[in-house]
Amino acid sequence: MLKVDVLLLDLVIVLAAARLFGALARRLGQPPVIGEIVAGILLGPTLLGPWIGDDLFGDEMRAPLQALANVGLVLFMFVVGLELDQKLVQGKGKIAATVALGSTMLPFVLGLGLAYMLAEDHAEPGRTLPFVLFLGAAMSATAFPVLARILTDRGMHRTTLGGLSLASAAVIDVLAWTVLAVVVAIAGAGEAEGQWKVLLALPYALVMFFVVRPLLARLVPVFEREGRLTPQMLAIVLVGLLASSWATEWMHVHFIFGAFLFGAVMPRTGAERLNHQILERLEQLAVLLLLPMFFVVAGLNVNLRELDVSSFGVLAAILAVAIGGKMIGSYAAARSQRLPGRQSWALATLLNTRGLTEIVILSVGLQKGVLSSELYSLMVVMALVTTAMTGPLLRRVYPDRRVARDIADAERAALGVTAAHRVLTVVPERPAEGTPIVDLAADLAKAKSPAEVIIGHLHPFPAGRIEVGTGLSSELAEMAESMGDLENLAAHARAQGAEARVVSRFSGDTAAELPTLVASAQPDLVLLLEGAPGYAEIRANTPGRVLTVRPDALAVSATATAEPAAGGTVLTVPRPRTPRWPPAPPARSRSTTPPPTPRPTSP
């Protein structure tokens with residue numbers, strides 16, 4: 001009979017240990033997932049042994065704890081699928097694909113060779129093929145979520161190297177899950193009952209994309225009509241998620257693929273706010289309770305007491321194949337694309353990160369009986385070592401001064417060198433709402449020749465984002481979408497006869513970084529919405545002229561007036577009665593004649 005009091009005590013211990021060790025890992029400059037796994041290892045038989053450990057986390061308690069951990073894994077894989085976006089790899093093309101293949105194929109092949117050597121001692125009779133394929137897939141994985149967090153912590157997501165590593169890791173992620181799905185299907189097909197069910201996996205995926213996806217798209221107009229995520233809508237999503245997870249588990253594939261697939265078929269077009277609210281609801285539950293439970297339970301399954309001297313030889317071989325294969329494969333592929341040596345080593349170091357993705361893969365192998373408990377423990381140690389070494393090694397290979405130089409170079413390359421009259425306009429957080437102010441900037445730029453319009457934009461990045469483990473994939477996808485909107489604005493300005501360029505990047509503090517962006521552009525005229533982040537500092541310190549546009553003023557006819565200001569001239573468009581930030585799109589005039597564009601007078 002289940003001891004409810006012991007289960008509740010276990011939950012208290014697990015959650016407290018996960019938060020404590022996660023915070024400690026973060027203070028040491030490591031991802032929280034490392035601390036949570038270490039907490040599980042310490043709570044398991046490795047430290048507590050058969051005495052206290054069996055009383056608190058014995059076989060009777062493992063089943064309910066594993067069940068909660070599996071629910072957390074379902075939510076996590078749904079989030080991964082929901083945040084998967086092809087925009088992450090658009091524009092990176094040949095280099096990202098080449099690096100991803102090199103970073104995947106070499107460790108995969110070396111992993112196959114190592115698996116053949118270990119199969120006699122660690123593979124179950126008759127399951128050599130899934131064991132060999134699984135170990136190869138586990139060796140070739142890269143943890144995109146942890147990688148994204150490392151890059152943003154160092155500011156490297158704003159550099160060419162950071163963008164390339166993210167694009168490569170996104171491709172590797174897709175390859176890893178695809179290979180894992182095949183391996184698990186092969187392992188599931190070896191089960192005595194219902195072998196034919198595996199054949200339903202491909203038709204099921206087609207039904208999800210061509211039948212379920214259009215049905216889920218009907219949630220978007222309902223959400224827009226209600227203006228919020230209602231309990232009924234969230235219930236529909238959760239029912240569909242759990243049903244999809246059950247279906248793939250019934251097919252002997254694995255429930256994580258059903259959860260991932262359901263997230264991938266969620267609507268994208270026009271569903272940004274809907275998906276954001278779904279993520280907000282599910283991430284809180286996953287982060288605070290279920291996902292840490294999964295990592296701690298993964299650590300509970302590690303028993304380092306079982307290891308002997310020969311096990312350390314196997315561990316050394318695993319580390320050599322995992323680290324050597326991943327880094328040499330990535331480095332060679334990067335060099336083949338004429339990337340400089342130091343950048344190639346930095347890219348290889350980043351792609352060696354395994355962390356969360358590796359733990360998920362290993363847990364699947366343990367549940368499917370592909371991995372023995374001893375080999376599982378050794379592979380978890382490999383995942384911890386490769387993840388923990390990434391940060392310190394990256395700082396040695398690619399110091400902070402080089403990161404700062406790369407950021408400066410990227411900004412200079414984006415701004416370029418020109419003798420033209422430069423008009424800088426800062427668009428709102430949602431670039432699609434910036435058409436009126438870009439129109440005014442293009443009109444002002446045409447007054448002098450040669451002239452150009454620079455469209456500046458800072459995409460807010462919440463530095464205090466909860467450590468759900470999915471890193472920044474949703475923010476990166478939003479950034480890619482914003483870049484598309486910004487390029488449309490630039491094309492709109494060019495259509496009016498003005499040269500236009502875009503400068504956009506992530507920012508953890510837009511009020512502090514926007515004045516720096518304006519200063520680096522060295523504009524002759526700044527077109528700025530009143531109340532924009534950093535407005536006062538820009539107005540005070542900009543040496544050129546500043547045109548302050550009061551919100552909503554672009555939608556009405558107005559005459560600008562000149563005012564003296566520190567650092568230059570401020571031209572002000574009159575304030576309407578209901579100002580707000582960001583500005584609303586231009587209102588339609590009742591007459592057939594469009595309203596005149598507001599023009600500033602010369603000071």
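This chain uses plain numbering: 1 for the first residue, then up along the sequence.
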Restricting to non-hydrogen atoms, name the atom on [X] and the atom on [Y] that form the minimum distance, rounded to 0.1 Å.
X    : Y    : answer
G258 : T248 : N-OG1, 3.1 Å
A17  : L43  : CB-CD1, 4.0 Å
P267 : N275 : O-ND2, 2.9 Å
A169 : L147 : CB-CD2, 3.3 Å
V397 : A346 : CG1-N, 3.7 Å
R335 : P340 : NH1-C, 3.5 Å

For the pair [X] (side chain) and [Y] (backbone), establish whether a donor and an acceptor sit closer than 3.5 Å, ignoring hydrogens and angles.
X    : Y    : answer
T142 : L351 : yes
R396 : G391 : no
R213 : V211 : no
S377 : V302 : no
Q30  : A388 : yes
N301 : S373 : no
S103 : G329 : no

Does the gap between the ring centers of F255 and W246 come in under 6.0 Å?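 Centroid separation for F255 and W246: 6.0 Å or greater.
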
A side-chain contact here means heavy atoms from C-beta on lying under 4.5 Å apart; do [X] and [Y] qualify?
X    : Y    : answer
L75  : L241 : yes
F294 : L68  : no
I256 : F76  : no
M61  : L7   : yes
L164 : L339 : yes
W345 : L350 : no
L347 : S330 : no
L219 : V237 : yes

State the [atom1]-[atom2] distance between [X] and [Y], to the nearest 0.5 angstrom.
X    : Y    : atom1 : atom2 : value
L216 : I236 : CG    : CD1   : 9.0 Å
L371 : Y376 : CG    : OH    : 9.0 Å
L307 : L315 : CG    : CG    : 8.0 Å
L101 : F108 : CG    : CZ    : 12.5 Å
S165 : Q343 : OG    : CD    : 10.5 Å
R402 : R342 : CZ    : CZ    : 4.0 Å

Can you say whether the rings of F78 and F262 are parallel (under 30°), tilted (30 to 60°) or perpendicular (over 60°)?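 F78 vs F262 ring planes: tilted.
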
Worked check of side chain to side chain contact (heavy atoms under 4.5 Å, CB included) between M139 and K326: CA-CA 8 Å; M139 291 295 183; K326 181 66 78 170; over 6 Å; no

Given the rule in the side chain to side chain contact (heavy atoms under 4.5 Å, CB included) test, do R354 and L384 qualify, once you have shown the distances and angles that lead to the verdict? CA-CA 8 Å; R354 285 178 171 83; L384 293 176; over 6 Å; no

Does the side chain of [X] come under 3.5 Å of the side chain of [Y] through a donor N or O and an acceptor N or O?
X    : Y    : value
S311 : D308 : yes
S244 : Y204 : yes
T353 : T387 : no

Between M327 and L393, does the side chain to side chain contact (heavy atoms under 4.5 Å, CB included) criterion hold? Intermediate values first, please. CA-CA 12 Å; M327 296 195 69; L393 184 59; 4.1 Å; yes

Please assess M379 against E358 for the test side chain to side chain contact (heavy atoms under 4.5 Å, CB included), listing each intermediate value before the final yes or no. CA-CA 9 Å; M379 293 292 288; E358 184 74 18; 3.8 Å; yes

